K.L.:
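Would you mind keeping the following structure in view while I ask a few things?
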Amino acid sequence: DAKTTQPNSMESNEEEPVHLPCNHSTISGTDYIHWYRQLPSQGPEYVIHGLTSNVNNRMASLAIAEDRKSSTLILHRATLRDAAVYYCILRSLDSSYKLIFGSGTRLLVRP
Amino acid sequence: SAVISQKPSRDICQRGTSLTIQCQVDSQVTMMFWYRQQPGQSLTLIATANQGSEATYESGFVIDKFPISRPNLTFSTLTVSNMSPEDSSIYLCSVEEKGQPNNEQFFGPGTRLTVL
């Protein structure tokens, strides 16, 4: 399975931008980069995904390095509601595109 | 998007018994999955629930312990059999329209199981 590496935890101040990094140095050309987050006591929810180009949606932006070996999830203005565990996942043909969760990054947002 | 409900939301069970968890989706979906989340841990995929055929289990999970049914495109059950305290976890189902790499997967709220 294609692997990702994320920091265990990060902290941010409310209303400031947050950059959550993810390393995936063994990514293959057909692997999609997905981000999910899990709010306390809830199931995970989709945030964003991309293949090669940077992506924006109403929740976040995804910046993908030119060599695709790393990516960054950007929350433009963190709110208290954004406190969650963020998972960076590679959807790989090798694993039949299943969602295989790593340990994720726990984001703490300070008021 | 898909709205997913799970029953029960939580349960406390005795060692050696079995519990069946239900997952209901508000629309027809191609793919349904079952995950386990042990206390303080990330999610682990148990199996893919296949409609009309046997589920496909991930390494470390077997049908005798976690039998799965999927009678139609909106419903699935996961049974946790002969439970032990090590089975205490949150069990989540998820769905996806098609198993494509650029699809979004939707998760249910989970069933919190405690085994005494």
Side-chain angles (χ1 to χ4, degrees), chain A residues 1-9 22 24 27-53 55 57-60 62 64 68 84-107, chain B residues 1-7 9-10 21 23-25 29-50 55-61 76 78 89-114:
Chain A
D1 294 344
K3 300 292 186 184
T4 62
T5 304
Q6 300 178 252
N8 289 333
S9 63
C22 180
H24 29 78
I27 191 171
S28 71
T30 57
D31 292 349
Y32 279 72
I33 303 162
H34 283 246
W35 285 81
Y36 282 72
R37 72 180 184 181
Q38 187 173 23
L39 303 172
S41 301
Q42 295 188 27
E45 63 177 355
Y46 167 84
V47 178
I48 201 167
H49 78 273
L51 182 60
T52 57
S53 304
V55 184
N57 67 20
R58 62 176 181 81
M59 288 183 68
L62 177 60
I64 301 173
R68 300 212 322 129
V85 179
Y86 287 78
Y87 297 97
C88 170
I89 302 169
L90 297 185
R91 296 199 73 169
S92 171
L93 178 61
D94 291 346
S95 58
S96 302
Y97 297 124
K98 288 175 285 190
L99 274 186
I100 306 299
F101 286 77
S103 54
T105 296
R106 182 173 299 277
L107 176 65
Chain B
S1 65
V3 177
I4 304 166
S5 60
Q6 288 186 231
K7 290 182 181 179
S9 58
R10 59 179 61 227
I21 301 168
C23 177
Q24 179 75 54
V25 192
V29 291
T30 304
M31 311 294 290
M32 294 185 79
F33 305 91
W34 286 97
Y35 288 83
R36 179 177 73 182
Q37 188 168 28
Q38 294 175 302
Q41 303 296 312
S42 180
L43 285 80
T44 302
L45 180 63
I46 298 172
T48 302
N50 301 310
T56 305
Y57 290 84
E58 297 298 308
S59 175
F61 297 95
S76 177
L78 169 75
S89 296
I90 298 173
Y91 292 86
L92 302 104
C93 72
S94 69
V95 303
E96 187 174 320
E97 176 50 36
K98 295 178 184 177
Q100 298 296 323
N102 57 345
N103 276 4
E104 177 180 348
Q105 200 165 113
F106 300 93
F107 285 80
T111 294
R112 183 180 294 272
L113 171 62
T114 301

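Chain naming here is simple, since letters A, B, ... match the order of the sequence lines and numbering starts at 1 in each. Nothing here was measured: the structure is a model prediction, and the numbers come from that model.
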K.L.:
Quick check on the interface: out of A/Glu45, A/Gln42, A/His34, who has the most heavy-atom pairs with chain B under 4.5 Å?
P.N.:
A/His34

K.L.:
Between A/Tyr36 and A/Tyr46, how do the two ring planes meet: parallel, tilted or perpendicular, split at 30° and 60°?
P.N.:
perpendicular

K.L.:
What part of B/Leu92 gets closer than 4.5 Å to chain A, counting heavy atoms only: side chain, backbone, both or neither?
P.N.:
side chain

K.L.:
Below 4.5 Å from any heavy atom of chain B, which atoms of A/Tyr97 appear? Answer side chain, backbone, both or neither.
P.N.:
side chain

K.L.:
Would you list the atom pairs, donor with acceptor, under 3.5 Å between side chains in residues 31-40 of chain B and any protein atom, with sequence neighbours excluded?
P.N.:
unit_1: B/Trp34; atom_1: NE1; unit_2: B/Ser76; atom_2: OG; d: 3.0
unit_1: B/Tyr35; atom_1: OH; unit_2: A/Leu99; atom_2: O; d: 3.0
unit_1: B/Tyr35; atom_1: OH; unit_2: B/Gln105; atom_2: OE1; d: 3.2
unit_1: B/Gln37; atom_1: OE1; unit_2: A/Gln38; atom_2: NE2; d: 2.9
unit_1: B/Gln37; atom_1: NE2; unit_2: A/Gln38; atom_2: OE1; d: 2.9
unit_1: B/Gln37; atom_1: NE2; unit_2: B/Gln41; atom_2: O; d: 2.9

K.L.:
Can you tell if the side chain of A/Leu90 reaches within under 4.5 Å of the side chain of A/Thr4, non-hydrogen atoms only?
P.N.:
yes

K.L.:
Applying side-chain hydrogen bond (donor to acceptor under 3.5 Å, both in side chains), can you list everything that pairs with B/Thr56, at least two apart in sequence or on another chain?
P.N.:
B/Asn50

